[in-house]
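When a ligand or atom number is given, it counts from 1 through the structure's own listing order. Note that this is a predicted model, so its numbers are computed, not measured. For this chain, numbers begin at 1 and follow the sequence in order.
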Amino acid sequence: MTMNATKDMKINLRGEELLHDPTLNKGTAFTEAEREALGIHGLLPPRVCTQGEQVRRVMENYHSKPNDMEKFVYLTALHDRNETLYFRVLMDNMEEMMPIVYTPTVGKACQSYGHIFRRARGMFISKWDRGRIRQVLRNWPAPEVGVIVVTDGERILGLGDLGANGMGIPIGKLSLYTACAGVPPTQCLPITLDVGTENTDLIEDPLYLGISQPRLRGEEYDEFIDEFVTAVQEVFPHAVLQFEDFANVNAFRLLRKYRDRVCTFNDDIQGTGAVTLAGLLSAARITGTPLHEQKVLFVGAGEAGIGIADTIVAAMMEEGLRRHEAMSRCWFLDSKGLVVRDRPGLESHKKPYAQAHEPVADLKSVIEEIRPTAIIGVSGRPQTFTREILSTMAAIRERPIVFALSNPTSKSECTATQAYRWTAGRAVFASGSPFPAVEFDNRVFVPGQGNNAYIFPGVGLGVIASRARRVTDEMFLAAARALADATSEHDLALGRVYPPLRRIREVSASIATAVARVAYARDLAGGPEPADLERHVREGMYEPVYRRYV
Ligand code: NAD
C-alpha cells in the first residue's frame with residue numbers, strides 16, 4: 001500500500017480559508033459533498049471538474065502565454081494556488097516544463113525577482129538575524145523537513161551575484177525534488193541567506209527585495225554560516241542540507257568544513273560529478289574503453305570541473321586504480337592554459353590536479369599533446385569546441401567523447417549538430433542544456449542531457465528514506481552507477497548516454513534505493529534496513545492526487 005493509496009484526510013480548515021491554502025485547495029475539483037460539508041458551496045463555479053479537466057485548462061492557459069517568463073509566472077501562480085495540480089502538470093510535462101521551472105528561465109526570473117514578485121515562498125534569513133537564526137527557523141510552519149536547499153545568491157547559475165533574488169533557485173530545485181523523485185512538498189524547505197550583495201544594479205534598484213549593503217565576508221560570514229548550520233541541525237535534525245550556487249571560494253570550503261559533521265552536500269560540485277560520471281560510464285559502453293582507461297581533459301576548472309574530476313577519480317579507484325594513477329588521467333585547461341604544477345598563484349581547488357608538465361596555452365595543442373579520450377566543457381565559454389578542435393579529437397580517437405556541459409544553450413561549447421558533423425558522426429556527445437535530435441549522414445542522433453536533476457532528487461529521496469546522517473562520496477558513486485544502469489541499449493544505440501527524462505521518477509527510485517543501501521551498509525542510517533528496501537523507498541514517494549476530505 002502506498003502512502004497515497006488512502007485518499008481520505010481529515011482537515012481543520014473550512015470556507016474561504018481552505019480555498020486559499022495551496023496544500024489543501026482542489027479548486028473546481030472539490031466534490032458536491034465537500035462543498036457542502038466544508039462551507040465552500042457557492043464560492044466556486046457549479047460544475048465539479050476532474051483533475052484531468054483541470055490539467056487541460058492549465059495546459060491551454062500555459063500554451064497561450066507569449067514567452068517563457070510569462071509561463072514561469074503562470075506556473076508559479078498555480079504552485080501558490082493549488083500545489084497538487086501544479087505537481088500533476090509538472091510531472092506529466094517534465095521535458096517541456098523543466099526549462100521553465102529551472103534553468104534557463106529560472107535564471108531570468110531571479111534577475112527580475114523584485115519586479116515579478118507576487119508572494120513569498122520559503123525562508124529568508126538575513127545578516128540582521130544573527131544571534132536568533134534558530135528562532136527564525138522555528139517560524140517555518142511544516143514540522144517535518146526532509147530537504148533544505150540553501151543559497152547565498154552569490155553565483156546564481158552563470159549570472160553572478162543576484163543577492164536575495166537568488167531565491168528562485170532553491171524553489172526551482174525543490175520543485176524538481178518533488179516532481180522527479182516524489183519527495184513530498186511538505187518536506188521541502190527553500191532558504192535564501194541574505195548576507196548582502198555586490199551587485200550595483202540591485203543595490204540601486206528601488207524594487208530590490210534584499211539588503212542593499214555589501215556582503216558579509218571573512219570571519220563574520222563564516223560565523224553567520226556556522227550559526228545557520230547549527231540551527232538547522234537543532235530545528236530540523238532529519239533534514240539534508242543542500243548548498244546551491246555559492247561562490248567557488250565558499251562552496252569548496254564549506255563542503256570540506258561540514259561534510260563530515262552534518263548531513264550535507266553541494267549539488268554544483270557533487271551532483272554534477274555524479275551525473276557526468278554516469279554519462280561517461282554509458283559512453284564507455286559505446287566506445288568499449290572502460291572508465292579506468294579513459295583520459296579526460298576538462299576545459300574549465302571551477303566547481304563543476306573539479307567536482308566531476310573528484311567523482312571520476314573515486315570511481316576509477318573503485319575499479320582498481322590507485323589515487324595518483326586516477327588523478328593522472330584527469331587534466332585541466334582553464335582561462336590561463338593547462339593547469340600545471342609550476343604555475344604561480346594556482347587556486348587551492350586546482351592544485352591537486354596540477355600535472356607535472358610544461359605550460360601549454362591553447363586547447364588544440366593540449367589535445368595533440370595529451371591525447372584525451374574525452375573532452376568535457378565546463379568553462380561557460382560558448383563555441384570553445386570549434387570545428388578545428390572537434391576534428392582534432394576525431395583524428396586521434398575513433399569514438400571521441402565530447403561533453404559540452406556549459407549552460408544555458410547559448411554558452412554551450414558546441415551544439416549537438418556541430419559535434420556530430422565535425423567528427424563525421426563519431427562523437428559520443430552529451431550537453432548541459434537540451435538539444436533536439438540531429439539527422440546526419442542518414443542517421444538520427446539523440447543527444448543526452450547531463451542534467452543534475454537526474455541525480456540530486458534521487459539522492460535526497462534515498463537520504464530521507466534511510467534517515468542517513470551523512471551524504472558520502474560513495475552514495476554519489478552509487479547514484480551515478482544506478483543512473484548509468486538505467487540507460488538502456490536502445491538509448492545507447494541512439495547515441496544517448498542518459499535515459500529519457502520522462503522516465504525520471506523510476507530512475508530516481510532506483511538511485512534512492514542505491515543511496516539508501518549505502519547508508520545502511522555503512523551504518524549511517526537512522527534505523528534497521530527494511531526487508532524490501534526498494535518498496536520502502538517507493539512507498540515514501542509523493543503522488544499528486546487529491547485526497548478525499550469528506
Ligand atoms: P565556475 O565559474 O566555477 O568555473 C568556470 C571555469 O572555467 C573557471 O575555472 C574558469 O577559469 C574557466 N574558464 C573561463 N574561461 C575559460 C576559457 N576560455 N577556457 C578555459 N577555461 C575557462 O563555473 P562552474 O560551476 O564550474 O560551471 C561551469 C559551467 O558548467 C557553467 O556554464 C555551468 O552551467 C555548467 N554546469 C553544467 C552542469 C551540467 O550540465 N549538469 C552542472 C554544473 C555546471
TODO: Start with the C-alpha distance between Arg505 and Met94, add both sets of side-chain angles, then the distance that settles side-chain contact (heavy atoms from CB on, under 4.5 Å), and finish with yes or no.
DONE: CA-CA 10 Å; Arg505 268 174 77 90; Met94 188 63 80; over 6 Å; no
Between [X] and [Y], what is the ring plane arrangement, given parallel below 30°, perpendicular above 60°, and tilted in between?
X: Phe243; Y: Tyr258; result: parallel
X: Phe435; Y: Phe429; result: tilted
X: Phe445; Y: Phe440; result: tilted
X: His357; Y: Trp331; result: perpendicular

Distance under 4.0 Å to a non-hydrogen atom of [X]: what atoms of ligand 1 satisfy this?
X: Gly432; result: 40 (O)
X: Gly300; result: 6 (C), 7 (O), 12 (C), 21 (N)
X: Asn452; result: 39 (C), 41 (N), 42 (C)
X: Gly450; result: 39 (C), 40 (O), 41 (N)
X: Leu333; result: 20 (C), 21 (N)
X: Ser406; result: 29 (C), 32 (O), 35 (C)

Open item on the list: Using ring centroids (six-membered ring only for Trp), state whether Phe265 and Phe476 fall under 6.0 Å.
Closed with: yes
Short N/O distance, under 3.5 Å, between [X] and ligand 1?
X: Gly302; result: yes
X: Ala301; result: yes
X: Asn451; result: no

Task: Atom CD of Glu439: over 12 foreign heavy atoms under 6.0 Å - done: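 No, not enclosed.
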I need the nearest protein heavy-atom contact for [atom]: residue, atom name and distance, please.
atom: atom 22 (C) of ligand 1; result: Ser335 N, 3.5 Å
atom: atom 14 (C) of ligand 1; result: Ser379 O, 3.8 Å
atom: atom 37 (C) of ligand 1; result: Leu405 O, 3.0 Å
atom: atom 38 (C) of ligand 1; result: Asn407 ND2, 3.8 Å
atom: atom 43 (C) of ligand 1; result: Thr272 OG1, 3.3 Å
atom: atom 17 (C) of ligand 1; result: Arg381 CG, 3.7 Å
atom: atom 27 (O) of ligand 1; result: Ala304 CB, 3.9 Å
atom: atom 5 (C) of ligand 1; result: Val378 O, 3.8 Å

Open item on the list: Closer than 4.0 Å and a protein heavy atom, does any atom meet both conditions relative to atom 29 (C) of ligand 1?
Closed with: yes
Open item on the list: So, 4.0 Å and heavy atoms of Gly158: is ligand 1 close enough to count as a contact?
Closed with: no
Open item on the list: Just to check, does Arg155 reach to within less than 4.0 Å of ligand 1 when the distance is taken from its heavy atoms?
Closed with: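 Arg155 counts as a contact of ligand 1 under the 4.0 Å cut-off.
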May I ask you to check whether [X] and [Y] show a side-chain donor-acceptor distance below 3.5 Å?
X: Tyr102; Y: Asn451; value: no
X: Gln294; Y: Thr373; value: yes
X: Tyr86; Y: Ser175; value: yes
X: Ser379; Y: Glu413; value: yes

TODO: Report the part of Asn248 (side chain from C-beta onward, or backbone N, CA, C, O) that has a heavy atom under 4.0 Å from ligand 1; answer both or neither where that applies.
DONE: side chain
TODO: Examine the proximity of ligand 1 to Lys411 and report which part, side chain or backbone, both or neither, has a heavy atom under 4.0 Å away.
DONE: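 Neither part.
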Task: Heavy-atom closest pair, residues Glu358 and Leu338 - done: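 Closest pair (atom of Glu358, atom of Leu338, distance): O-CD2, 4.1 Å.
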Open item on the list: Would Lys173 pass as a cation-pi partner of Phe456, given that its NZ or CZ must be under 6.0 Å from the six-membered ring centre and within 45 degrees of the axis?
Closed with: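 Geometry flag: set, cation within 6.0 Å and 45°.
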